[in-house]
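Reckoned from all heavy atoms, side chains included, excluding hydrogens, waters and symmetry mates.
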Protein chains: 2
Amino acid sequence: MPELPPGVDVLWGRREPAKRGPRPNLSIEQIVDAAIEIASAEGLGPLSMNRVAEKLGKSAMSLYRYVRTKDELLQVMTDVCAVKNAPPEPDDDAGWRPNLERWAYELVGLYRRFPWVLHVPLGPTPPVGPGQLTWLDRGLGCFRRTNVPSELRLGVVMLLLIFIRGQVRMAQEVNQGAAGAALGYPAYGEMLRLVVDKDQLPDLARLVDEGMFDDPEEGMSEQELDMEVRFGLTMIFDGIERLVAGYEEEQ
Amino acid sequence: MPELPPGVDVLWGRREPAKRGPRPNLSIEQIVDAAIEIASAEGLGPLSMNRVAEKLGKSAMSLYRYVRTKDELLQVMTDVCAVKNAPPEPDDDAGWRPNLERWAYELVGLYRRFPWVLHVPLGPTPPVGPGQLTWLDRGLGCFRRTNVPSELRLGVVMLLLIFIRGQVRMAQEVNQGAAGAALGYPAYGEMLRLVVDKDQLPDLARLVDEGMFDDPEEGMSEQELDMEVRFGLTMIFDGIERLVAGYEEEQ
DNA sequence: ACCAATTAGCGTAGGCCATAAACAGTTGGG
DNA sequence: CCCAACTGTTTATGGCCTACGCTAATTGGT
C-alpha cells in the first residue's frame with residue numbers, strides 16, 4: 001500500500017488505534033474542532049498551534065502526535081467542514097438545473113459561513129477528502145437523468161466550484177474594504193474619483209461618475225451579496241444550458 | 001486630502017521626493033523589481049524582506065524607508081506586474097465578443113506567467129492601483145459600441161476576472177499535485193480509486209472508472225491547460241451573449 | 001561658514017511562529 | 001516482571017517581520 005498524502009488517512013478513518021502505551025487524552029476531532037472554532041471566530045491569522053493547544057489546555061507540541069504538520073491540520077479542517085455541511089441530495093424528479101442551482105447556493109452558504117476555508121493554502125494534491133469529494137459527487141449527480149458525457153459533467157461542476165469560490169471571496173474582499181473604510185480610509189468610490197483619469201481610463205471613469213462604486217462600501221447586506229452571486233450564476237447556468245441542451249432527457 | 005491606503009501614493013507617483021538628507025541609493029522600482037524576480041523564480045514562500053535586501057546588497061531594514069510594510073510591497077508588486085503587462089486595447093471595429101475574448105486570454109497569460117500574483121493575500125481595500133484599474137477599464141471598453149447598461153458591463157467583467165483567477169489557480173494546483181506525485185504520492189486517479197466508494201459516491205466513482213482523472217497527473221501541457229480554460233470561457237461567453245443580445249449594436 | 005533639521009541605511013533586539021530532539025511518565029504484551 | 005511502544009512536555013533552533021535607536025550624509029537658513 002503506497003503512502004498517502006498527509007491527512008488522508010485521518011479523514012477516511014484509516015489510522016489504526018495504538019495498541020500499547022498510555023491512553024490518549026486528546027483526539028483529532030477535538031483538535032480540529034478547536035481549530036475550526038478559532039478560525040471561524042478570528043480568521044486564519046491568529047490560528048497558531050499554540051492557540052489551539054492553549055484552547056485545549058495542552059502544550060503546543062502535543063498536537064504533533066495527531067497531526068504531521070500545521071498544513072495537514074488546515075487540510076483536515078476544510079474537509080471536516082465540508083463533511084459537517086453536506087451537499088443536498090439531488091432530487092431525481094427535478095431537472096438538472098434546479099438541482100444544480102440548489103447545490104450551488106448551498107455551497108455559497110457554506111463559504112459564507114466559513115470564510116477562512118477560502119484562505120487555506122492549497123495542499124500538495126487535489127482534494128481527496130470525503131467532504132470535498134461528496135460535494136463533487138452530488139454536483140455530478142445532478143446530471144444523472146441526462147446523457148451529458150462525463151467530461152462535460154466534470155467541466156461544468158468544476159466551473160461552478162471555481163466561480164463560487166472566487167465570487168464569495170471577492171465579496172469578502174469588498175466587505176473587508178468597507179471595514180477598512182471605518183478605519184480612516186476614504187470609501188472606494190471616493191478613492192477612485194481621486195485617481196481615475198477621464199483620458200486614461202475613460203470607460204471606468206464613466207462608471208465612477210455614475211456612482212457605481214459608491215454604495216457597496218456601506219457594508220453590503222446579505223441580500224445584495226446574494227444578488228451579485230445570482231447574477232454570475234444565472235449567466236453561467238444560461239451558458240451551461242445551451243451547452244447541454246442536446247443531451248437532456250434522452251434516457 | 002485624506003490619507004490613502006498603503007501603496008497607492010507610490011503606485012500613482014504621488015510621493016514627493018525628499019528635499020534634505022543624503023541622496024537615496026535605492027528606489028522603490030529596484031526593490032519591487034527584485035521582489036518580483038524572486039517571486040517569479042521561487043514563489044512567494046521564499047520571498048522575505050531579507051532575501052530582497054540581500055539581492056540588492058543592502059540590509060533588510062533599509063527597505064522600510066521605501067515601503068511601509070511587507071504587505072504594501074506585495075500589493076505594489078502585483079500592480080506593477082499589471083502595469084508592465086498591459087491589457088490589449090479594444091478594437092472598435094470588432095464586436096464586443098472577440099475583443100473581450102482577447103482580453104480574457106491575455107489575462108490568462110499574465111496569471112500563467114506570474115503565478116505568485118494569485119497567492120498575494122488581499123489588501124485592506126479593493127484594488128486601486130493603475131495596473132489593475134487599467135485592466136478593468138479595457139475590459140469595460142469592449143462594450144463601448146453597445147448599449148449594455150453599466151451594471152451589466154461591470155458584472156460581466158467582474159465575472160471574467162473572478163473565473164480566470166480561479167481557473168488558472170486551479171490549474172496550478174493540479175500541476176503542483178503532479179509535482180507531488182513525483183515525490184512519492186500515488187497519482188490522483190490512483191488515490192481516488194483507493195478511497196472512492198461505489199455506494200457512497202456513485203457518480204464520482206463512474207468518472208473514476210472511466211479514467212477521467214488519470215491523465216492530467218503527467219503534467220499537463222500548455223495546450224491541455226488552454227483547453228480547460230477555453231471550455232469554461234466558452235460557456236461563460238455563451239451566457240453573456242444571451243444576456244447582452246438585446247443591447248448589441250443599437251447605437 | 002556653520003548650525004540645525006532632515007533623511008538613508010544599518011545593527012540590535014523583541015516577539016511571534018513552526019517544529020526538531022530529547023525526556024519523563026504510562027500502558028499492554030510476552 | 002520487564003521491555004517496547006506510546007503520550008505529553010520541555011527545551012532549543014531557526015526563521016520571520018518590524019520597532020527603535022544610532023551614525024553619517026546632505027541641505028536650508030542664517
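- Phosphate contact (OP1/OP2 of D/dC17, side-chain N/O of B/Thr69, threshold under 4.0 Å): absent.
- In this structure, the nucleotide among C/dC17, D/dC6, D/dC22 sitting nearest to the side chain of A/Lys70 is C/dC17.
- Side-chain contact between A/Pro87 and A/Leu107 is absent, with no heavy-atom pair separated by less than 4.5 Å.
- Using a 4.5 Å heavy-atom threshold, the side chains of B/Leu233 and B/Ile164 count as touching.
- Sorted by residue number, the members of residues 48-64 of chain B with any non-hydrogen atom under 4.0 Å from DNA chain D read B/Ser48, B/Met49, B/Met61, B/Tyr64.
- Qualifying side chain to side chain donor-acceptor pair (under 3.5 Å) partners for B/Ser40, counting only residues two or more places apart in sequence or in other chains: B/Trp116.
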Worksheet item: Please walk me through it: do A/Arg193 and A/Asp214 pass salt bridge (Lys or Arg N to Asp or Glu O under 4.0 Å)?
Response: CA-CA 10 Å; A/Arg193 257 182 272 272; A/Asp214 285 330; 2.6 Å; yes

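- Listed by chain and residue number, A/Glu42 satisfy the side chain to side chain donor-acceptor pair (under 3.5 Å) test with A/Arg51 (two or more places apart in sequence, or in another chain).
- Between the CZ atom of A/Arg20 and the P atom of D/dC2 there is a distance of 18 Å, given to the nearest Å.
- Within the 4.5 Å cutoff, the side chain of A/Arg65 has no heavy atoms near those of the A/Leu26 side chain.
- Proximity of residues 38-47 of chain B to DNA chain D (heavy atom under 4.0 angstrom from any strand atom) is not detected for any residue.
- Looking at A/Leu204 and A/Phe213, their side chains come closer than 4.5 Å, going by heavy atoms from C-beta outward.
- Within the 4.5 Å cutoff, no side-chain heavy atoms of A/Cys81 are placed close to those of A/Tyr111.
- Rounded to an integer number of Å, the gap from B/Arg68 CZ to D/dC17 P is 18 Å.
- Atom CZ of B/Arg65 and atom C1' of C/dT6 are 10 Å apart (whole Å).
- The side-chain heavy atoms of B/Trp12 and A/Leu194, taken from C-beta on, include no pair separated by under 4.5 Å.
- In this structure, B/Leu74 and B/Leu44 have side chains that are in contact, with non-hydrogen atoms separated by less than 4.5 Å.
- Not a single side chain to side chain donor-acceptor pair (under 3.5 Å) links B/Asn50 to another residue, sequence neighbours left out.
- Nearest nucleotide to the side chain of B/Tyr66, out of D/dG28, C/dA8, D/dT7: C/dA8.
- Heavy-atom distances under 4.0 Å link DNA chain D to B/Gly21, B/Pro22, B/Arg23 of residues 21-34 of chain B, given in residue order.
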